[in-house]
K.L.:
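Structure provided below as structure tokens; questions to follow.
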There are 2 protein chains.
Amino acid sequence: MTATVTVGEFSRLTHLSVKTLHHYHEIGLLAPASVDPSSGYRRYETSQVEVAQLIRRLRELRMPLPEVRAVVDAADGGSREETLRAHLDRMERELAHTRDVVTSLREMLTLEPAALAVEYRFIPAFRAYGVSGHVEREGIGSWCEFAFGRLGEIAARDGIVATSGAAYSDEFFTDDSGQVVAFLPVAPDQAPAEGVELVDLPGGFFAIAVHTGPFTDFDRSYGALGSHVAEYCEVATGPIRELYVVGPGDGPDPASYRTEICWPIRQIPTSPAAKG
Amino acid sequence: MTATVTVGEFSRLTHLSVKTLHHYHEIGLLAPASVDPSSGYRRYETSQVEVAQLIRRLRELRMPLPEVRAVVDAADGGSREETLRAHLDRMERELAHTRDVVTSLREMLTLEPAALAVEYRFIPAFRAYGVSGHVEREGIGSWCEFAFGRLGEIAARDGIVATSGAAYSDEFFTDDSGQVVAFLPVAPDQAPAEGVELVDLPGGFFAIAVHTGPFTDFDRSYGALGSHVAEYCEVATGPIRELYVVGPGDGPDPASYRTEICWPIRQIPTSPAAKG
DNA sequence: CTTCCACCCTCCGGTAACCGGAGAGTCAAA
DNA sequence: TTTGACTCTCCGGTTACCGGAGGGTGGAAG
């Protein structure tokens with residue numbers, strides 16, 4: 001029969017703190033083999049050391065406990081691998097993102113603020129094929145691939161040539177998830193098509209900034225446009241639109257991308273300095 | 001004079017949620033330009049959009065608020081750059097670590113558990129030059145560089161040739177920070193030296209595992225040794241020792257490193273299966 | 001056989017950076 | 001004046017634990 005040890009010993013064996021072991025017991029992730037009914041003392045079996053080690057190592061990876069549980073409970077090696085790989089992917093995406101933002105931040109702090117050209121435009125209402133959904137900000141990349149993939153198919157089939165775009169609700173930005181509509185303009189009498197919606201985009205005034213280059217430093221243009229709008233315009237409510245003038249569909253080089261960021265405003269200011 | 005806006009508008013302008021703006025007000029990171037004394041309504045100036053944007057972008061980098069505050073309050077660009085760079089470094093270290101552990105985890109899950117050879121040994125008490133300190137687990141790498149750098153100097157000066165090592169208190173592992181002593185064995189009558197202590201390491205029985213290769217998958221050997229000790233030995237209290245048989249000082253190739261991990265036990269088990 | 005001390009227990013509160021909701025007050029248009 | 005959108009404060013919850021208070025246990029020493 002296997003030997004049993006107290007929390008303290010188990011802690012030394014596994015390098016998990018006693019508090020942590022209490023916690024894992026409480027949430028049912030790693031329960032001691034037995035608990036003395038009168039004293040409440042926990043007793044762990046030496047065979048549990050291995051599981052505890054696994055948990056500790058996963059936690060060192062900053063893997064959330066629910067996922068740790070999934071790995072620990074996983075019956076087959078396949079689903080373990082899967083959870084693990086998903087976590088690794090997430091971490092790597094995070095690092096890539098971090099690197100991008102740091103780079104653009106460094107520029108922002110050291111360089112003079114790039115003179116961002118802002119123009120004002122009235123965009124009339126128009127009809128479009130649309131793919132809409134409630135999207136997490138983190139997953140916007142893959143969602144766009146999906147949405148524009150579908151729109152691209154329809155466009156190719158119907159021979160539509162137009163600049164596609166997307167409308168992002170405020171919540172998408174402020175709450176990190178919200179309604180997004182990817183759209184492809186069509187004629188006002190366009191017939192519905194399988195697999196996409198037919199949406200009507202309302203007209204209105206917009207302050208528009210052109211972002212050149214990859215999507216990684218979008219934030220900078222957004223920030224600058226936000227500042228500009230705050231300073232010179234009366235803001236309107238409603239989703240912000242992006243128009244993908246030159247995008248992934250038009251060539252492989254992200255440096256050549258051109259995106260128009262359209263911020264809804266109430267009217268066109270009489271002069272750029274009118275409110276400054 | 002600059003225009004002022006409500007929280008809601010400011011939220012739309014900056015893509016920070018109202019809740020977040022409340023929070024930043026409360027902690028004094030970004031206070032509104034004015035607060036209506038009767039209604040409590042916050043009013044932000046459009047010129048504050050820029051700071052808010054900066055904060056948002058730093059937060060997107062997962063930079064802790066105290067550091068954000070440091071960047072925002074920084075008078076000169078130099079100290080901004082510094083904080084930024086420190087953060088970037090930390091993130092990259094984290095990723096590298098993540099990658100390492102994932103790799104070794106993948107092995108652990110897919111491969112058969114490597115047959116870890118464990119031997120038992122009585123190590124008599126000995127005297128050593130020591131560098132000790134309370135060390136954070138995160139900073140163990142640079143601390144070791146410092147400690148063994150100093151020990152190396154002394155060794156070179158005195159012509160001492162011995163396998164150096166380090167003793168890690170339990171708290172170092174369980175609490176992520178604790179006492180660590182780097183040591184270099186010397187003769188029992190060794191005279192004290194400037195810049196290092198003279199320490200006496202107690203003798204005792206140890207279960208010893210030899211870890212071959214770089215330090216990145218130390219965890220695996222530790223886990224295996226922990227499991228082994230739990231299964232077959234009576235554990236003793238006291239710090240775990242590492243002996244750097246072949247280490248960074250002996251050659252540039254991490255793959256050739258050899259480290260003995262010494263786990264204190266009460267006595268040598270009569271047979272490996274004695275307790276199994 | 002007691003006494004000691006290290007160990008163990010549970011419960012409560014706190015951490016970071018907010019989110020969600022309740023309940024109530026405010027503002028501007030209709 | 002009424003509606004409805006907006007705002008306020010306060011309270012509790014989130015994750016994965018840590019720290020401490022107050023009090024019970026267990027094995028060894030005296």
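Proteins get letters first, then strands, A, B, ... in listed order; numbering begins at 1 in each.
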K.L.:
Please compare B:D175 and B:T6 by the position of their nearest nucleotide in DNA chain D and report the one closer to 5'.
P.N.:
B:T6
K.L.:
Is the phosphate of C:dA17 approached by B:R62 (side-chain N or O, under 4.0 Å from OP1 or OP2)?
P.N.:
no
K.L.:
So that I can tick it off, tell me whether B:E60 and B:R56 are bridged by a salt bridge, with the cut-off set at under 4.0 angstrom between side-chain N and carboxylate O.
P.N.:
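Salt bridge between B:R56 and B:E60, a charged N being under 4.0 Å from a carboxylate O: yes.
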K.L.:
Assess whether a salt bridge exists between A:R42 and A:D36, defined as any Lys/Arg side-chain N lying under 4.0 Å from an Asp/Glu carboxylate O.
P.N.:
no
K.L.:
Just how far, in rounded Å, is P of C:dA16 from CG of B:L29?
P.N.:
14 Å
K.L.:
For D:dA16, does OP1 or OP2 lie under 4.0 Å from any side-chain N or O of A:T20?
P.N.:
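Answer no for this pair, as no side-chain N or O of A:T20 is under 4.0 Å from OP1 or OP2.
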K.L.:
Inspect the contact between B:E67 and B:R62 and indicate whether a charged nitrogen and a carboxylate oxygen are less than 4.0 angstrom apart.
P.N.:
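No, this pair does not count.
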K.L.:
Please pick, from D:dT25, C:dC27, C:dC18, the nucleotide with the shortest atom-to-atom distance to any side-chain atom of B:S39.
P.N.:
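So the nucleotide nearest the side chain must be C:dC27.
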K.L.:
Which one, C:dC8, D:dA16, C:dC19, comes nearest to the side chain of A:R59?
P.N.:
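Of all the options, the side chain of A:R59 is nearest to D:dA16.
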K.L.:
C:dC18 phosphate, OP1 or OP2: any side-chain N/O from B:H22 under 4.0 angstrom?
P.N.:
no
K.L.:
Do the ring centers of A:Y222 and A:F173 come within less than 6.0 Å of each other?
P.N.:
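Yes, ring centres under 6.0 Å apart.
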K.L.:
Start at the 5' end of DNA chain C and walk down; is the nucleotide closest to B:D36 or to A:V18 reached first?
P.N.:
A:V18
K.L.:
Could you tell me whether A:E138 and A:R90 make a salt bridge, using a distance below 4.0 angstrom between a side-chain N and a carboxylate O?
P.N.:
no
K.L.:
Please state whether the phosphate of C:dT26, meaning OP1 or OP2, lies under 4.0 angstrom from any side-chain nitrogen or oxygen of B:S38.
P.N.:
no
K.L.:
Measure CZ/B:R43 against P/D:dC8 and give the value in whole Å, please.
P.N.:
10 Å
K.L.:
For B:K19 and B:T237, find the nucleotide of DNA chain C closest to each by heavy atoms; which residue's nucleotide sits nearer the 5' end?
P.N.:
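This one resolves to B:T237.
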K.L.:
Determine: side-chain N/O of B:R42 to OP1/OP2 of D:dT7, distance under 4.0 Å, yes or no.
P.N.:
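Checking B:R42 against D:dT7: no side-chain N or O falls below 4.0 Å of OP1 or OP2.
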K.L.:
What's the closest nucleotide to the side chain of B:V7 if the choices are D:dC17, D:dC8, C:dA17?
P.N.:
D:dC8
K.L.:
Provide, to the nearest angstrom, the distance between the CD1 atom belonging to B:I55 and the P atom belonging to C:dA17.
P.N.:
12 Å
K.L.:
If the cut-off is 4.0 Å, is A:Y24 near the phosphate of D:dA16, judged by side-chain N/O to OP1 or OP2?
P.N.:
no
